[in-house]
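Comments concern the structure below.
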Amino acid sequence: QVQLVEAGGGLVQAGGSLRLSCAASGRTFSTYVMGWFRQAPGKEREFVAGISWSYGSTYYQDSVKGRFTISRDNVKNTVYLQMNSLKPEDTAVYYCAAKAGACISSMNSDYGYWGQGTQVTVSS
């Protein structure tokens, strides 16, 4: 059984920072891609960032480039999302997801494993 457990959400003022973490367990993730998605009220779930576990390559949604950084710790089987210069429009439930293979995808349907989500609220 694959488990992804997110942590680190909360309430922060605009311009502030948060770091989300996603602990993965249940199998070896060395050949997986890990992604962060988010879903705001009334909107569809959207891709935020992804990282290839084995190669460390990364990909970001345009709106978070330069503000968010995705990284991984292979020893701890944990992926992080460092979020800086947060804006009210970043408010959403953030989900961690995993997909087999080496290619990063921005499509929800390509990810077979999901965490429960963590709320991020940015006040203006």
Side-chain angles (χ1 to χ4, degrees):
Q1 185 74 15
V2 174
Q3 285 191 322
L4 301 175
V5 180
E6 302 102 332
L11 173 64
V12 65
Q13 288 188 333
S17 298
L18 281 174
R19 188 176 82 154
L20 307 182
S21 64
C22 172
S25 62
R27 64 171 62 232
T28 301
F29 285 85
S30 60
T31 59
Y32 276 63
V33 163
M34 302 298 293
W36 284 99
F37 290 77
R38 66 186 180 187
Q39 187 167 20
K43 295 187 177 181
E44 294 185 353
R45 190 173 299 185
E46 63 175 2
F47 174 82
V48 176
I51 186 166
S52 169
W53 203 285
S54 55
Y55 300 109
S57 55
T58 58
Y59 181 70
Y60 297 91
Q61 181 200 103
D62 286 345
S63 67
V64 307
K65 284 181 181 177
R67 300 189 298 124
F68 291 11
T69 303
I70 188 171
S71 62
R72 76 206 192 285
D73 184 326
N74 290 352
V75 175
K76 295 182 178 179
N77 258 10
T78 300
V79 176
Y80 303 96
L81 185 67
Q82 177 67 43
M83 305 185 294
N84 299 328
S85 303
L86 282 162
K87 305 175 181 180
E89 51 264 43
D90 295 318
T91 295
V93 177
Y94 283 70
Y95 296 90
C96 175
K99 68 175 286 290
C103 296
I104 299 172
S105 170
S106 61
M107 296 182 63
N108 295 1
S109 57
D110 285 339
Y111 291 77
Y113 306 103
W114 293 84
Q116 81 288 353
T118 185
Q119 177 70 46
V120 171
T121 303
V122 184
S123 63
S124 57

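Just so it is clear, the values below take in all heavy atoms, side chains as well, and ignore hydrogens, waters and symmetry mates. Heads up: numbering here begins at 1 and tracks the sequence. What you see is a predicted model; the values in this text were computed from it and never measured.
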Legend entry - Transitive ILVMFWY side-chain link Ile51 to Tyr60, under 4.5 Å: yes
Inset, instruction - Mind checking the CG-OG spacing from Asn77 to Ser25? Nearest 0.5 Å is all I need. - result: 8.0 Å
Legend entry - Nearest heavy atoms of Leu4 and Ala98, plus distance in Å: CD1-N, 3.9 Å
Legend entry - Asp73: side chain to side chain donor-acceptor pair (under 3.5 Å) partners, not counting sequence neighbours: none
Legend entry - Heavy-atom closest pair, residues Ala14 and Ser124: CB-CA, 4.4 Å
Legend entry - Between CG on residue Leu18 and CD on residue Gln82, distance to nearest 0.5 Å: 8.5 Å
Inset, instruction - Can you measure from OG1 (Thr69) to CZ (Arg19) and round to the nearest 0.5 angstrom? - result: 11.5 Å
Legend entry - Partner set under ring pair (Phe, Tyr, Trp, His ring centres under 6.0 Å) for Phe47, not counting sequence neighbours: Phe37, Tyr59
Inset, instruction - State yes or no: do Ile104 and Tyr113 share one hydrophobic cluster built from I, L, V, M, F, W and Y residues joined by side-chain heavy-atom distances below 4.5 Å, directly or via other members? - result: no
Inset, instruction - Group every Ile, Leu, Val, Met, Phe, Trp and Tyr by side-chain heavy-atom contacts under 4.5 Å, then state whether Tyr80 and Met83 land in the same group. - result: no
Legend entry - Side-chain donor/acceptor of Glu6 to backbone N/O of Cys22, under 3.5 Å: no
Legend entry - Any pair counted as side chain to side chain donor-acceptor pair (under 3.5 Å), so long as it reaches residues 89-98, sequence neighbours left out: Arg38-Asp90, Arg38-Tyr94, Arg67-Asp90
Legend entry - Rounded distance [0.5 Å steps], CD in Gln39 versus CD in Glu46: 9.5 Å
Inset, instruction - Taking Tyr111 for its side chain and Val33 for its backbone only, find out whether a donor-acceptor pair lies under 3.5 Å. - result: no
Inset, instruction - Please test Phe68 against Leu86 for side-chain contact (heavy atoms from CB on, under 4.5 Å), starting from the C-alpha separation and ending with a verdict. - result: CA-CA 9 Å; Phe68 291 11; Leu86 282 162; 3.8 Å; yes
Inset, instruction - With the side chain counted from C-beta on, respond yes when Cys96 and Trp36 share a heavy-atom pair under 4.5 Å apart, and no when they do not. - result: yes
Legend entry - Heavy-atom closest pair, residues Leu81 and Ala49: CD1-CB, 4.2 Å
